[in-house]
Amino acid sequence: MSNSLMGMFERDQQVFADATPLDDSYEPEDIRERDDELEKYQRALQPIIDNRPTSNIFLYGKTGTGKTVATKFMLSHLESDAATYDDVELSTIWVSCENLSSSYQVAVALVNELRLGQGKDRISTTGYSQQRVFDLLYDELDSLGGTVVIVLDEIDNIGQSDDILYGLPRARSNDYVEDVRPVIVGISNDFQFRENLSPKVKDTLAEKEILFPPYDANQLRSILHPRAEKAFHDDVLEDDVVPLCAAFAAQDTGSARQAIRLLREAGEIAQAEEADAVTGDFVRDAQDELEKNQLYQGMQELTTQGHAVLCALAYHQALDEVPVRSRDLYDRYIKICERLDADSVSERRVRDHLSDMNMLGLISVYERNEGLSAGRYHEYELDVPLKAVLDVLLSTSRFEDVANIIQSTAEDNNLLQSNLSNY
DNA sequence: CTTCCACTGGAAGATCTGGCCT
DNA sequence: AGGCCAGATCTTCCAGTGGAAG
């Protein structure tokens with residue numbers, strides 16, 4: 001890109017015609033490859049229109065298998081159809097439980113969502129007792145009346161804390177609410193979720209289940225094609241691009257979201273490089289780019305202690321002393337904390353941080369066992385380029401100085417170059 | 001086959017933060 | 001002001017583990 005002031009932001013759309021079909025929030029007018037699931041879904045919601053008792057509905061399937069899109073689709077039809085019958089009173093509320101880890105937090109979110117519609121003040125996310133929040137929730141529901149469809153997206157985040165799934169369906173029979181029929185639509189990424197519910201919830205939560213299997217490559221192609229056609233100018237996409245996105249995503253997660261993101265990223269890379277066509281190579285670049293972003297984000301979102309542990313491991317990496325066993329890593333960690341004048345945590349807690357980072361794919365763990373002479377222990381090393389870790393640490397003011405030291409140590413040992421090519 | 005090292009990882013509960021209620 | 005609440009983070013304790021050495 002040129003450095004002159006003129007034209008820095010000139011419109012530059014040789015690739016995209018209209019990228020909105022590739023947004024995460026885009027709602028297609030028809031849903032492909034999910035006919036059976038939609039039919040089941042429709043049957044499960046039908047009783048609402050018929051004013052009959054309605055089961056709760058649970059959708060199971062991994063991310064990007066169409067659960068959320070299908071639900072938005074069904075609800076908008078349900079709402080418009082319900083409006084044509086005078087005797088059907090219907091409202092819907094939607095809460096994404098993505099960042100909610102307990103029933104308490106879900107209840108607060110529901111109360112706030114309900115209050116939003118009426119211009120009332122939001123309630124705080126802490127401070128109340130659980131029963132207090134549930135009472136507030138019942139009050140709000142009561143003032144709505146009729147059938148209330150409550151969508152709890154990513155409900156599996158609440159884990160074992162499932163009181164809300166016990167309380168809501170029984171609100172009416174327990175006389176907490178008068179004239180409201182709550183219908184819960186739970187959306188879960190975790191097939192195990194139902195198994196792990198507490199027995200009292202499992203026994204009494206009348207429900208219909210709908211499974212959303214991962215998409216295969218053919219289905220993903222069929223999903224991508226119409227979007228690609230709208231999003232890109234004619235003849236910009238090479239023939240292998242959509243199949244390649246579909247194949248990558250099918251192989252990895254079977255997620256339509258992943259496939260669509262790949263396609264968009266590939267387009268953006270092509271645009272940035274001022275190419276006049278999107279080729280398969282851009283898809284491969286996009287794959288790398290998305291993976292990298294996810295790791296960066298994972299690293300950035302660690303707590304201060306997490307960063308300190310990561311820092312200790314990076315130091316060992318820079319000294320070429322990897323993999324490190326946990327006690328050596330812990331010594332280093334303590335020294336780093338002293339230098340930073342920061343609190344240090346117990347060895348046990350450091351192991352927890354390490355196992356979190358392992359889950360995120362940031363580090364590798366090897367189990368070692370030297371029997372009677374040296375026992376059983378774990379060794380760790382970075383699974384992401386040292387350069388990437390340092391980038392994150394350098395941008396975290398507290399770790400800037402230490403990161404600089406690590407960086408020069410790594411340079412002395414020539415440990416940055418080999419990793420640089422990817423980043 | 002038994003011993004036993006050096007951890008690992010589960011469990012329970014303490015501490016701290018931010019916020020409500022009277 | 002002081003008690004209470006929920007959640008996140010951390011500490012303390014300790015039974016359990018797997019394989020080389022004996």
Side-chain angles (χ1 to χ4, degrees), chain A residues 95-115 120-140 152 154-168 192 196 198 298-313 316 321-338 340-360 362-381 396 398-399:
Chain A
V95 165
S96 165
C97 308
E98 195 182 348
N99 298 312
L100 310 174
S101 59
S102 68
S103 277
Y104 179 90
Q105 292 174 344
V106 171
V108 171
L110 279 169
V111 170
N112 283 333
E113 189 64 30
L114 285 161
R115 290 195 162 197
K120 292 195 220 166
D121 288 341
R122 298 172 61 85
I123 62 170
S124 155
T125 53
T126 55
Y128 301 101
S129 69
Q130 173 158 300
Q131 195 51 56
R132 190 73 204 273
V133 177
F134 278 26
D135 288 344
L136 287 169
L137 177 56
Y138 296 140
D139 287 348
E140 295 297 333
L152 303 175
E154 303 193 37
I155 183 64
D156 47 309
N157 270 334
I158 67 168
Q160 318 282 331
S161 149
D162 51 14
D163 297 355
I164 188 107
L165 295 179
Y166 186 78
L168 269 183
Q192 302 283 314
N196 297 335
S198 64
M299 275 192 277
Q300 247 145 13
E301 286 171 359
L302 293 172
T303 60
T304 304
Q305 286 301 333
H307 281 138
V309 175
L310 188 62
C311 203
L313 186 52
H316 277 280
E321 290 171 359
V322 282
V324 223
R325 62 189 301 165
S326 50
R327 70 170 169 211
D328 296 341
L329 184 63
Y330 187 68
D331 292 345
R332 179 104 271 151
Y333 159 82
I334 292 290
K335 279 183 195 141
I336 285 174
C337 287
E338 277 166 9
L340 288 171
D341 204 17
D343 292 338
S344 56
V345 298
S346 65
E347 201 166 350
R348 178 72 187 84
R349 185 65 189 144
V350 167
R351 281 207 297 278
D352 279 343
H353 283 297
L354 285 167
S355 108
D356 287 350
M357 287 191 258
N358 187 32
M359 291 287 188
L360 287 170
L362 298 176
I363 66 178
S364 300
V365 184
Y366 311 99
E367 200 175 312
R368 288 282 135 78
N369 196 326
E370 292 174 50
L372 201 140
S373 61
R376 182 169 161 266
Y377 56 93
H378 284 180
E379 288 186 329
Y380 304 87
E381 77 178 326
T396 312
R398 192 151 192 193
F399 289 90

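Reminder, nothing fancy here: chain letters follow the sequence lines and each chain counts from 1.
- Contact check, A:Arg376 against B:dC7: no side-chain N or O comes under 4.0 Å of OP1 or OP2.
- Listed pair A:Thr126 / B:dG18 fails the phosphate criterion, with no side-chain N or O lying under 4.0 Å from OP1 or OP2.
- A sub-4.0 Å separation between OP1 or OP2 of C:dG7 and a side-chain N or O of A:Ser102 is present.
- Salt-bridge check for A:Lys335 with A:Asp331: failed, with every basic side-chain N at 4.0 Å or more from each acidic carboxylate O.
- Atom CZ of A:Arg351 is separated from atom P of C:dC10 by 15 Å (rounded to the nearest Å).
- Residues A:Asp352 and A:Arg349 are paired through a salt bridge, judged by an N-O separation under 4.0 Å between the basic side chain and the carboxylate.
- Between A:Asp343 atom CG and C:dT9 atom C1' the separation is 12 Å, expressed in whole Å.
- Whole-Å rounding puts the A:Glu367 CD to C:dG19 P distance at 8 Å.
- Within 4.0 Å of A:Arg327, counting heavy atoms only, lie sugar-phosphate atoms of the nucleic acid but no base atom.
- Residue order along DNA chain B, read from the 5' end via each residue's closest nucleotide, puts A:Gly371 first among A:Gly371 and A:Tyr380.
- When the P atom of B:dC20 is taken as reference, atom OH of A:Tyr128 falls 6 Å away, rounded to whole Å.
- Counting any heavy atom pair closer than 4.0 Å across all strands shown, A:Ser326 reaches sugar-phosphate atoms only and no base atom.
- There is a side-chain donor-acceptor pair under 3.5 Å between A:Gln130 and A:Asp163.
- Using a 3.5 Å distance cut-off with no hydrogens or angles, the side chains of A:Tyr333 and A:Glu338 do not pair a donor with an acceptor.
- The residue A:Ser344 sits close only to the backbone: its heavy atoms come under 4.0 Å of sugar-phosphate atoms, none of a base.
- Taking side-chain N and O atoms only, A:His353 has a distance below 4.0 Å to OP1 or OP2 of C:dC10.
- Where A:Arg325 and A:Ile123 each meet DNA chain B at their nearest nucleotide, the meeting point lying more 5' is that of A:Arg325.
- When rounded to the nearest whole Å, the span between CZ of A:Arg348 and C1' of B:dC7 equals 11 Å.
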